[in-house]
Amino acid sequence: MALERSTLMESAVDLGPELLGSLISHTTEEGTVTIRLTELEAYVGNGVDPGSHAHRGKTKRNATMFGEPGHLYAYFTYGMHVCGNIVCAPAEQPSGLLMRGGEVVEGIDIARRRRATAKSDRDLARGPGRLAVALGIQLADNGSDLFAAPFELREGQKPQSVLSGPRTGVSGLGGSDLYPWRFWIEGDRTVSPYKRHPRSRVAVSRSRGSRRPRPP
DNA sequence: ACCTAGATTCACT
DNA sequence: GTGAATCTAGGTT
């Protein structure tokens, strides 16, 4: 079954494991870059998730999270980084998947140009800010429809094994780091290294022969 | 108007 | 592993 907007009509928490392995493309004058998503983090804004930008209701900044699913929520952070989320769930139910890591599978020369400091291709989109640069996402792209040009979101090959663990970067406030809403493909080298969590656990039954899961 | 925290990255050691 | 660089939104004066 194809990945389409209706696929995204549920919570990011449930969609996270499902969307790993999906392909996101962005076309500019330079050409098309496609990234296979290997790491995603779910955020919801219904008041139970203090780590979410939408925790305290709709603002000008987070309005995209309250819109139709399948759009891009892009925001600026740490004074220098843009991060991109795939908006999930029906409108008015803020829910999104932060794209934290991926593998460039098309347009690698374009991505290398944009990420000139990357030491290897592995690092081109390893980390949320890096992924945004490699894909060519800017703050102005906030609100863009991911199912229309210049973007494209489609299904990729299902990963064999998916793990989950506490999210990265959320302050421990409100115990928000207790939600195991970070999802990644087991063993994939393009999963972000930042603040890796010592303890991870199996998220989806898709994983076979679960030995002790290895953090990314 | 001012202040602070933040869904981070890079260059070093 | 650590520190610096950087800017925007949101809350507070």
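- A donor and an acceptor atom, one from each side chain of A:H55 and A:Y43, are nowhere located under 3.5 Å apart.
- Nucleotide B:dA11 is matched to C:dT2 when pairs are restricted to Watson-Crick or G-U wobble geometry with both distances under 3.5 angstrom.
- Spacing between atom OH of A:Y75 and atom C1' of C:dG10 amounts to 16 Å, rounded to whole angstrom units.
- Atom P of nucleotide B:dC10 and atom CZ of A:R126 are separated by 11 Å, given to the nearest angstrom.
- Remark: P of B:dA7 and CH2 of A:W184 are 19 Å apart, rounded to the nearest angstrom.
- At the heavy-atom level, A:F76 lies under 4.0 Å from the strands shown only through sugar-phosphate atoms.
- Rounded to an integer number of Å, the gap from CZ of A:R115 to P of B:dT9 is 8 Å.
- What separates CG of A:N142 from P of C:dA9 is a distance of 10 Å, to the nearest Å.
- With its ring centre under 5.5 Å from that of the base six-membered ring and a plane angle below 30°, A:Y43 counts as stacked on B:dA7.
- Scanning atom types as modelled, no donor and acceptor separated by under 3.5 angstrom connect the side chain of A:Y78 and the base of C:dA5.
- Side-chain contact check for A:T168 versus A:R182: some heavy-atom pair is nearer than 4.5 Å.
- Distance, A:F183 CZ to B:dA7 P: 18 Å, rounded to whole Å.
- A:R100 is not listed as a side-chain neighbour of A:V191, based on a closest heavy-atom distance of 4.5 Å or more.
- More than 12 heavy atoms of other residues, nucleotides or ligands sit less than 6.0 Å from atom CZ of A:R113.
- Here the C1' atom of nucleotide B:dT9 and the CZ atom of A:R114 are 18 Å apart, to the nearest Å.
- For a distance-only test at 3.5 Å, the side chain of A:N62 fails to qualify as a donor-acceptor partner of the base of C:dA9.
- Residue A:R130 contributes atom CZ, which lies 8 Å from atom C1' of B:dC10 at whole-angstrom precision.
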